[in-house]
J.: 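First, the structure itself, so that you have it in front of you.
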Amino acid sequence: MIHPLAASGLVRRYSLPRQGLLGRRDVLSAVRGVSLLLEEDKVLGIVGESGSGKSTLARMLVGLEKPDEGEVALFGTPISGLSEADMRPLRRHVQMIFQDPFSSLDPRMRIGESVAEPLDIAEPRLSAAARHARIAAMLGRVGFDESVMTRFPHQFSGGQRQRIAIARALITHPKLIVADEPVSALDVSIQAQILNLLLDLKAEFGLSMVLISHDLAVIRYMSDRVAVMREGVLVEENETEALFAAPREDYTRRLIAASAFSNEIGAV
Amino acid sequence: MLAVEDLKIRIGNIDLLRGLSFTLGRGETLALVGESGSGKSLTALAIMGLLPPAMQVHGAIRLDGRDLLALDEPAYCALRGRKIAMVFQEPMTALNPVMNVGAQIAEVLIQHGLLDRQAALAEAARLLDRVGIADAATRLGSFPHELSGGQRQRVIIAMAIACQPTLLIADEPTSALDATVQVEIIELLAQIRAESGMGMLFITHDLGVVNRIADRVLVLYGGMAMEEGDAQDVIAAPRHPYTHGLIAAIPRGNARTRPLNPIPGQVPGAGRFPPGCAFFSRCPRATDLCRNVLPPLSEDGHRAWCHHVGRKWA
């Protein structure tokens with residue numbers, strides 16, 4: 001069986017600024033040997049606190065950053081040796097959704113063009129009519145009518161912008177999405193809308209997804225499997241409900257206790 | 001101790017806060033809960049006297065009987081940090097990056113003429129110890145960038161309680177922190193409130209935090225009060241459809257077994273609210289009455305402002 005995403009032994013080090021002119025350069029290991037496997041049609045949640053290396057990991061998984069060691073394979077193809085040209089056909093099947101919908105859309109680009117950009121790269125020979133239809137259909141799917149195509153990002157709220165960013169990510173009909181804190185910048189009532197939208201689209205498009213968040217409640221809601229990341233390594237991984245029912249690591253237990261904050265609020 | 005009466009904040013002809021009233025007693029914690037645009041942070045700034053001059057403020061804010069809105073700036077300066085202190089969301093921007101933390105805490109005490117420099121530094125060390133910073137005497141010389149986010153927030157809390165204020169306003173004090181650190185800071189604030197007897201106005205978007213720290217809660221939406229009462233009561237049995245929707249939007253479990261019902265739509269922009277209930281455009285029970293007429297107060301265990309509170313939210 002071909003996995004949409006497989007990573008083995010990923011390591012990423014950053015060298016810190018020199019301590020003084022002739023000083024030594026310290027090295028920070030952001031990710032220190034991470035292996036993971038994403039099965040088709042599943043959501044793998046990666047939870048970690050700030051500084052755990054989860055965003056660095058996300059960028060390596062989609063090829064935005066090269067690991068110092070280890071290998072990422074997308075749909076069975078290792079990406080480390082690929083040229084930019086060989087990478088391109090893979091890239092349309094892999095998209096990323098970021099935390100901040102304010103900085104992930106170009107403020108000077110009309111919504112229609114922002115959403116179309118990945119499509120123009122993936123399918124440059126699309127006719128104008130077909131292109132327009134694809135954009136309109138995708139925007140419709142995230143809850144907008146065609147008229148938004150000529151508007152600019154600043155005319156939308158945070159939640160609306162995140163829906164536009166999702167339309168942009170899905171316009172090429174990717175098979176794999178890596179979402180890094182997709183709802184952290186949003187109000188509670190909007191968060192739930194976006195989470196449900198992501199799950200609906202996942203079912204509709206047959207997506208596999210890696211979801212990265214600091215929020216354990218969000219991870220639990222969305223994921224089939226959960227991996228807990230701390231200081232650059234995965235300390236525990238399991239099926240979602242098994243992990244919550246019987247966490248093995250002390251750190252996982254502490255995270256669960258801290259997020260029990262919201263669990264204390266009974267069902268309404 | 002604190003009484004806010006019919007507080008209205010406008011900019012130009014746009015209403016940002018549409019008549020808010022609440023009280024806060026000594027030793028009590030009141031949580032102001034709301035999403036962006038609800039007016040919760042504006043309320044805090046109004047109490048601190050820190051609203052931009054372009055905003056017009058009406059109503060009254062009384063602290064121990066004194067109307068703060070009538071104060072001039074020098075009188076307010078004597079009050080800020082002394083009687084009313086504030087803890088902000090982002091500890092890095094609230095601290096001076098080029099001054100060590102000991103001097104920053106001592107400065108508050110010196111400015112208000114409570115202690116001389118030497119005594120103030122000794123008091124700063126005691127305060128750092130009180131907020132749970134290990135090896136406090138040495139840490140006086142640390143700069144903000146040498147501390148973690150949680151430690152910086154502890155320093156901010158030490159500064160805030162330095163003059164033993166009667167009112168502490170905490171505006172999203174834990175929202176920028178990791179979950180495990182969040183718990184520690186909440187516990188610290190609860191302890192300090194209990195031993196000092198100050199009143200605490202706790203501003204947050206997170207009902208989970210409310211449940212842990214607040215005695216009472218006031219839920220805001222679009223610059224209006226939706227519901228108010230005992231925190232446990234309101235969260236266990238919300239009477240207002242907005243509060244109900246907020247609670248229902250918090251994930252608890254997995255989507256396959258416990259799917260969420262989000263509040264539909266989005267918060268209208270400032271100035272786009274109807275003359276009646278601010279929640280009108282997103283409310284599952286909204287009628288024409290709600291759009292046009294301000295909802296009356298209904299009191300039954302706790303207070304809710306809604307035309308349809310009597311109905312069950314299934």
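Below, chains carry the letters A, B, ... as their sequence lines are ordered, and counting in each starts from 1.
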J.: List the atom of Glu35(B), the atom of Ser189(A), and the distance in Å for their closest heavy-atom pair.
T.: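 That closest heavy-atom pairing would be OE1-OG, 2.7 Å.
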J.: Minimum heavy-atom separation for Ile190(A) to Arg282(B), with atom names?
T.: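 Answer, listing the atom of Ile190(A) first, then Arg282(B): CD1-NH2, 3.9 Å.
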J.: Is Gln191(A) close to chain B through its backbone or its side chain, or both, or neither, when contacts mean heavy atoms under 4.5 Å?
T.: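 Contact with chain B is absent: no heavy atom of Gln191(A) under 4.5 Å.
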J.: Taking Gly159(A)'s backbone N and O only, do any of them form a donor-acceptor pair with Gln266(B)'s side chain (distance below 3.5 Å, no angle check)?
T.: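 The answer is no, because no donor-acceptor pair under 3.5 Å joins these two groups.
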J.: Using atom types as modelled and distance alone, determine if a side-chain donor or acceptor of Asn196(A) lies under 3.5 Å from a backbone N or O of Asn261(B).
T.: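 Judged by distance alone, no pair lies under 3.5 Å.
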J.: So Asp224(A) and Arg256(B), side-chain contact (heavy atoms from CB on, under 4.5 Å) or not? Walk me through it.
T.: CA-CA 10 Å; Asp224(A) 298 293; Arg256(B) 274 164 301 171; 3.4 Å; yes
J.: When you measure from the side chain of Asn254(B) to the backbone N and O of Arg220(A), does any donor-acceptor pair fall under 3.5 Å?
T.: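 Such a contact is found between Asn254(B) side chain and Arg220(A) backbone.
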J.: I need the His214(A) NE2 to Gln182(B) CD distance, nearest 0.5 Å.
T.: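 Result: 7.5 Å between the selected atoms.
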J.: Under a 3.5 Å distance rule, please check whether Tyr221(A) uses its side chain to pair with a backbone N or O of Pro259(B) as donor and acceptor.
T.: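 No, the answer is negative, given that no donor and acceptor are paired below the 3.5 Å cut-off.
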J.: Verify, without hydrogens or angle tests, whether Asp178(B) (side chain) and Ser50(A) (backbone) share a donor-acceptor contact under 3.5 angstrom.
T.: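 Yes.
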J.: Among Pro264(B), Ala249(B), Ala255(B), Ala179(B), which residue has the highest count of heavy-atom pairs closer than 4.5 Å to chain A?
T.: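 Among Pro264(B), Ala249(B), Ala255(B), Ala179(B), the one with the most close pairs to chain A is Ala255(B).
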J.: Under 3.5 Å, side chain of Gln193(A) to main-chain N/O of Gly265(B), donor-acceptor pair present?
T.: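 Between the backbone of Gly265(B) and the side chain of Gln193(A) there is a qualifying donor-acceptor contact (under 3.5 Å).
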J.: Tell me, side chain or backbone of Thr240(A) under 4.5 Å from chain B's heavy atoms, or both, or neither?
T.: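 Only the side chain of Thr240(A) comes within 4.5 Å of chain B.
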J.: Taking atom CG of Leu246(B) and atom CG of Asp187(A), what is their separation to the nearest 0.5 Å?
T.: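 If I round to the nearest 0.5 Å, the distance is 9.0 Å.
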